[in-house]
Amino acid sequence: MTNLSDWSKIGKYSLLPFAILLSFLPLLDPAGIFSDLKTKSFDTFQVLFPREALSDDPVVVIDIDDKSLNLHGQWPWPRNLVAKLVDQTVYSAATGLDIVFGEPDRTGAKELSKLYKNNQPLIKVLSNTLDNDEVLAKSIENHGTVVLGMAPNNKLRNSLVLNKFGLVVQGDAPDQFLDQYTGIQSNLSMLNAASAGVGSMSIGNNDPIVRTMPTFELVNGTLVPSFALELVRVSVGASTYQIKSSNASSEKAFGEATGINHVKIADLVMPTNPDGSLWIYPTATKNLNVIPAWKVLQGEFPLEYFDGKVTIVGTSASGLLDLRSTALEKNIPGVTIAAQFVQQIYANDFLKRPDWLLGLEFLVGLIISILICLSIQRQGPLGGLGVYIFGSVGILYGSFYFFTTLRYLIDPISPLVICSIAYLVITFFNFLFTELERKKVRTAFSQYLAPAMVEKLAQSSESLVLGGERKEMTFLFSDIRGFTAISEKYQQDPEGLTELINQLLTVLSNEILATEGTIDKYMGDCIMAFWNAPTDQPDHRDRALQSAFAMQKALTQLNLDLGRSEQDKLSVGIGINSGQCIVGNMGSEDRFDYTVLGDAVNLASRLEGQCSHYGFEMILGEETVKALQGYQIVELDLLAVKGKSEPVKIYTALENFDQSNFIKDHNEFLSQYRAQKWQEALDHIKKYQSQIHEFHLYYDLFLRRINELKENPPENDWQGVFVADFK
């Protein structure tokens, strides 16, 4: 069964795959979210860095505005009036009529003759009058470079024969990539025949913001160029279009039909999107050369004004509903968008989005997501935040740099969204899984280690590996005196013995933990603890001694609480020593303990075993005592513990023991003892054995020892060392 710890490990290992999978979201584009974000980012670039006005604008827009309608009547105008506009622009390199003339002029002679067929005098006059459509056709033919517009749709189903241009296709057939329509609303055949070109006025989609315009569309199997593209072809005098698609020469598509890459007219090359559309790089309409139609009709602009220009006739009149929006402006005349299309081509200023940019955006999002994940797992949220900020700044700077210098449309939003989601989600779940691990560590070790050690393990599970470090530390061993006798009293009540031992170990452990000591282990009735690891504690000797004093007081209180008599009271022996050791996790790969190894540790254990022999509850090693200050420390003996040949001085520490004269005499006693001055030593024992009750058992020990030494004198070089033959 998988436990909480296993789930936290699985969760942490799953964060990196999550970061990788997250990077595929822009490619999957759920609900079109990333497409919308991408177009919004492109709009932002164009708002911040719009196309600059041309110093020599090749395009003139003749605007049929509201005032023109007020002066010359409602739309549609008589075709002879439109013909006058054509005549006024006769010197233009090309004139485009952004209007469909799909039906005969109702004000023309032919239509009026049908309407008034019973009025013979009028019919006679009309028969001698040139029809308005013929007038317009003649003006178009005389002009020589007029382009007419058409409106493709899927409500009609008709065929179209175009013989105005030639077409060269390189690579995959473009038909499969283009927008397709079943029919098209065209002009009167006489007008189409008189024109130099015809093109589709479609903007290619129903997006309220015009961001791209098609170069070609497919109408019932026939390739139809856009109105603006035809204007360019006619204006430069070209007869042929060249379409370069995937798998053409020098185009790498690896056999895949990826779309149209370029459209070429004479020396003008236009980079396209795969569907053959061209990005509109807008400029403010105030930068366009727009003149009202009524002024042209009144002759305020001479014929030479239009010389060499591309002139487009369209409308901004509010009632004609030809209003569009770009990334830069809202509700602008549709004819101005066609004008900007032509401007871009002449200025060779194109926005470009090669198909490989999508892969680049994906790789950037993937790499930064992975780096964020790894940084969070190794350095925490701040490390991940650094990568996130650095990556975000790099994405934004790179996309703006390539837009302003190369006109590349690089999407910064999708990688930023991916990186933001990655940072927030991975930070949250990394915190969650880390807390689960910490909870596991705290639960497992809080009963055995000091809070500082538990917290260190919780902060870094890397601490839970085998290994150690050399360190100077202080060690404490505590053992219950007379445990065998106590156990015999509970032969019939093992549960009672267990409860008693647990109570005793609890109060003693609490005092160790109160000084931030680490409980290494419980060995039956014995406690092993140490200080100065895992955290540094420069005062580790003082902490150990304070803990020992506190343990003595806690034990006294426990005896009172349990109502134990003087003969039956619980007591412990405490051994304390300091020195160098190895501390760390030791054991097998699957099961180990945080513990200490070293000779100084063993000596602390031996000192605890000598407590009952010397009659004190606490015995300290020389390495512990030498750095202690402010305590009543009394030297006890020069002892060679079992298993060691080198003797060490041992001490005890006493609280509230204000006997400075005694301590001075006691030190003199030890000197006399080691100098084999038996009588002087015996005199000291006789003087103080009953007077200083804390030393009663100690002096009784030395009394027996001196008597034995008097009977069996030691060697002359004897220095007072007692060799212990028991632990």
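A distance of 6.5 Å separates CG in N80 from OG1 in T107, rounded to the nearest 0.5 Å. The CG atom of L156 lies 7.0 Å from the OG1 atom of T182; values are rounded to the nearest 0.5 Å. Of the inter-residue distances, the one linking F350 atom CZ with L278 atom CG reads 6.0 Å to the nearest 0.5 angstrom. Here the OG atom belonging to S325 is positioned 4.5 Å from the CG atom belonging to N331, to the nearest 0.5 angstrom. To the nearest 0.5 Å, atom OG of residue S420 and atom CG of residue L22 are 10.0 Å apart. Atom CG of residue N247 and atom CG of residue D172 lie 4.5 Å apart, to the nearest 0.5 angstrom.
Taking 4.5 Å as the limit, every side-chain heavy atom of V232 sits out of range of all side-chain heavy atoms of V310. Counting heavy atoms from C-beta outward, I337 and I203 have side chains that stay 4.5 Å or more apart. Under the 4.5 Å side-chain criterion, counting only non-hydrogen atoms from C-beta, K352 is not in contact with L409. You'll find the side chain of L416 reaches within 4.5 Å of the side chain of L396, heavy atoms only. L229 places a side-chain heavy atom less than 4.5 Å from the side chain of I345. Side-chain contact between V146 and L191 is absent, with no heavy-atom pair separated by less than 4.5 Å. Looking at heavy atoms from C-beta onward, I62 lies in side-chain contact with I291 at the 4.5 angstrom threshold. Side-chain contact between Y241 and P225: present, with at least one pair of heavy atoms (C-beta onward) separated by less than 4.5 Å.
Listed here is the closest heavy atom pair of V210 and M213: CG1-CG, 4.1 Å. The shortest non-hydrogen separation linking P152 to M150 is CD-O, 3.6 Å. Pairing each heavy atom of P333 with each of S316, the nearest pair is CG-CB, 3.4 Å. Of all heavy-atom pairs between A338 and A228, the closest is O-CB, 3.9 Å. The two atoms that bring I312 and A339 nearest to each other are CD1-CA, 3.7 Å, heavy atoms only. Residues F177 and S246 come closest through the heavy atom pair CZ-OG, 4.0 Å.
Heavy atoms of other residues, nucleotides or ligands lying less than 6.0 angstrom from NZ of K138 number 12 at most. Within 6.0 Å of CZ on F49 lie more than 12 heavy atoms contributed by other residues, nucleotides or ligands. Heavy-atom neighbours of F402 CZ from other residues, nucleotides or ligands within 6.0 Å: at or below the threshold of 12.
Y408 pairs in a ring pair (Phe, Tyr, Trp, His ring centres under 6.0 Å) with only one of the listed residues (F403, F42, W356), which is W356.
Residue pairs that meet the salt bridge (charged side-chain N to carboxylate O under 4.0 Å, His left out) test with at least one member in residues 30-49, sequence neighbours left out, are D43-R211. Sorted by first then second residue, the side-chain hydrogen bond (donor to acceptor under 3.5 Å, both in side chains) pairs that include residues 288-304, not counting sequence neighbours, are N289-Y305. Annotation: side-chain hydrogen bond (donor to acceptor under 3.5 Å, both in side chains) contacts involving residues 189-202, sequence neighbours excluded, comprise Y181-S202, S186-N192, N187-N192, S200-E217, S202-E217. Counting only residues at least two apart or in different chains, side-chain hydrogen bond (donor to acceptor under 3.5 Å, both in side chains) contacts with residues 336-345 comprise R51-Q340, R51-Q343, D57-Q343. Applying the side-chain hydrogen bond (donor to acceptor under 3.5 Å, both in side chains) rule to pairs touching residues 150-171 yields nothing, sequence neighbours excluded.
Within the 3.5 Å criterion, the main-chain N or O of A94 finds no donor-acceptor partner in the side chain of S235. Checked by atom type and distance alone, the side chain of D105 never pairs as donor or acceptor with a backbone atom of N132 at under 3.5 Å. Checking side-chain atoms of H143 against main-chain N and O of T89 turns up a donor-acceptor pair under 3.5 Å. Without hydrogens or angle criteria, D29 side chain to S35 main chain gives a donor-acceptor distance under 3.5 Å. Here the side chain of Q46 pairs no donor or acceptor atom with the backbone of A327 at under 3.5 angstrom.
By the side-chain hydrogen bond (donor to acceptor under 3.5 Å, both in side chains) test, D275 pairs with S277, sequence neighbours left out. A search for side chain to side chain contact (heavy atoms under 4.5 Å, CB included) contacts involving T44 returns L48, not counting sequence neighbours. With sequence neighbours excluded, the residues satisfying side chain to side chain contact (heavy atoms under 4.5 Å, CB included) with A194 are A137, I140, E141. Checked against side-chain hydrogen bond (donor to acceptor under 3.5 Å, both in side chains), K110 has the following partners two or more places apart in sequence or in another chain: E134. Under the side-chain hydrogen bond (donor to acceptor under 3.5 Å, both in side chains) criterion, E103 pairs with no residue at all, not counting sequence neighbours. Applying the salt bridge (Lys or Arg N to Asp or Glu O under 4.0 Å) test to R407 and every residue at least two apart in sequence or in another chain returns D349. Listed by chain and residue number, D65 satisfy the side-chain hydrogen bond (donor to acceptor under 3.5 Å, both in side chains) test with S68 (two or more places apart in sequence, or in another chain).
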Before giving the answer on side-chain contact (heavy atoms from CB on, under 4.5 Å), spell out for I64 and W77 the whole-Å C-alpha distance, their side-chain angles and the decisive distance to 0.1 Å. CA-CA 10 Å; I64 303 174; W77 280 351; 3.9 Å; yes
Could you please spell out the steps behind the side-chain contact (heavy atoms from CB on, under 4.5 Å) verdict for V86 and L97? CA-CA 9 Å; V86 174; L97 300 180; 4.2 Å; yes
Could you go step by step and tell me if F400 and F45 meet the ring-ring contact (aromatic ring centres under 6.0 Å, His included) rule? CA-CA 7 Å; F400 277 93; F45 291 147; 4.7 Å; yes
List the steps, then state whether side-chain contact (heavy atoms from CB on, under 4.5 Å) holds for L178 with I260. CA-CA 9 Å; L178 300 174; I260 299 172; 3.6 Å; yes
For a side-chain contact (heavy atoms from CB on, under 4.5 Å) check, start with the C-alpha distance between F165 and L223, then their side-chain angles and the critical distance, and finish with the verdict. CA-CA 11 Å; F165 58 86; L223 281 178; 5.6 Å; no
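The pair K286-E329 does not meet the salt-bridge criterion, since no charged nitrogen lies less than 4.0 angstrom from a carboxylate oxygen.
In this pair, Y388 and Y423 present their aromatic rings parallel. The plane angle is below 30°, not in the 30 to 60° band.
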